[in-house]
Amino acid sequence: MLKKQYYYGFKGYFEIDNNGLIRAYVVTKASKTDTALVKTLLSEYRCSKVIADKGYMKIREDEKITNDLKRKRRYIETFFSSWVNLFDIERICVKSLIGFQLRLEQCFLVYTVQLLEIN
């Protein structure tokens, strides 16, 4: 069933490694479909396995969701929740795609420095 919903603004897709470092990202207009950007994102940083947010995962009936997979998926959801709390990324007010990317990269820099100081 096709939903007739309209979105305005920008949204980002991120690929993070097991250490929480952002390895690749793609920013698009909010009206783009989520699945359209997966190939672009994955071509920027190759990895052997991709674990997505629960909303993007399709599990075959014969596959069980293991505790390890649940833990990793929870990590992804926690990661983005912390970004919302730290940087208020859901409400970045910019007028252009370049401005949105610039603000995200500022957040990446601050987050990476904080992460490296902890380790």
Calculate, to the nearest 0.5 Å, the distance between atoms [atom1] and [atom2] belonging to [X] and [Y] respectively.
X: L21; Y: I16; atom1: CG; atom2: CD1; answer: 9.0 Å
X: L97; Y: K29; atom1: CG; atom2: NZ; answer: 8.5 Å
X: T112; Y: E117; atom1: OG1; atom2: CD; answer: 11.0 Å
X: F108; Y: Q101; atom1: CZ; atom2: CD; answer: 9.0 Å

_Contacts of E105 that satisfy side-chain hydrogen bond (donor to acceptor under 3.5 Å, both in side chains) - sequence neighbours left out_ =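 Listed in chain order: Y25.
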Tabulate below the donor-acceptor pairs under 3.5 Å that side-chain atoms of residues 80-92 make, not counting sequence neighbours, or state none.
unit_1	atom_1	unit_2	atom_2	d
S81	OG	E77	O	3.0
S82	OG	F79	O	2.6
N85	ND2	S81	O	3.4
D88	OD1	R91	NH1	3.0

*For residues V27 and F100, report the shortest heavy-atom separation together with the two atoms involved.*
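Here V27 and F100 meet closest at CG1-CD2, 3.1 Å.
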*Would you check, one step at a time, whether the test side chain to side chain contact (heavy atoms under 4.5 Å, CB included) holds for V26 with F14?*
CA-CA 7 Å; V26 176; F14 306 90; over 6 Å; no
